[in-house]
Amino acid sequence: MKSLSIFITLFILSMSVANAATLNVKMKKNTQWGEESAQLATDKGLISIYALELSKKQANDLNTLKKGNCVQIKAKDQTLEKSEGIISIMEFESAKTVKCK
């Protein structure tokens, strides 16, 4: 019974990781803030992140993104696809500066 419980726990954790989406971009401008969103102008287009429920750390991480930075963005959204020219992220997870490729 204990091994079944461990299996179920691992399965649930793997599903939550599998649902996360990652996107690597290069910043064209510093992070811009709107009333309800953070907007990132990138080499892959405009990214709009719903910002009303961001933690202080998430907001600070977004604020550190500057023009020319290569950035890895993680979202709980399953896909990060353009719709009407904008990539919208409703469930932002994290953003960090990475080495440009």
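Under the salt bridge (Lys or Arg N to Asp or Glu O under 4.0 Å) criterion, no residue pair touches residues 26-39, with sequence neighbours excluded. A salt bridge (Lys or Arg N to Asp or Glu O under 4.0 Å) check over residues 80-90, counting only residues at least two apart or in different chains, returns nothing. Sorted by first and then second residue, the disulfide (SG to SG under 2.5 Å) pairs involving residues 59-90 (not counting sequence neighbours) are C70-C100.
Annotation: side chain to side chain contact (heavy atoms under 4.5 Å, CB included) contacts of Q72 (sequence neighbours excluded): T22, N24, K74, K96, V98. Scored by the side chain to side chain contact (heavy atoms under 4.5 Å, CB included) test, T97 finds L65, N69 as partners (sequence neighbours excluded). N30 is linked by a side chain to side chain donor-acceptor pair (under 3.5 Å) to nothing, counting only residues two or more places apart in sequence or in another chain. Partners of K57 by salt bridge (Lys or Arg N to Asp or Glu O under 4.0 Å), not counting sequence neighbours, listed by chain and number: D61. Judged as a side chain to side chain donor-acceptor pair (under 3.5 Å), and not counting sequence neighbours, T42 has no contacts.
With S37 contributing its side chain and S48 its backbone, the two residues share no donor-acceptor pair below 3.5 Å.
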Residue pair L23, I47: steps toward the side chain to side chain contact (heavy atoms under 4.5 Å, CB included) verdict: CA-CA 10 Å; L23 183 63; I47 299 173; 3.8 Å; yes
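If you chain together ILVMFWY residues whose side-chain heavy atoms come under 4.5 Å of each other, I86 ends up grouped with L46.
Here the straight-line distance linking atom CG of N63 with atom CH2 of W33 works out to 5.5 Å at 0.5 Å rounding.
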List the atom pairs, with distances to 0.1 Å, where a side-chain N or O of residues 49-56 and a protein N or O form a donor-acceptor pair under 3.5 Å, not counting sequence neighbours.
from, atom 1, to, atom 2, distance (Å)
S55, OG, Q58, N, 3.1
S55, OG, Q58, OE1, 3.4

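Taking 4.5 Å as the limit, every side-chain heavy atom of I73 sits out of range of all side-chain heavy atoms of I87.
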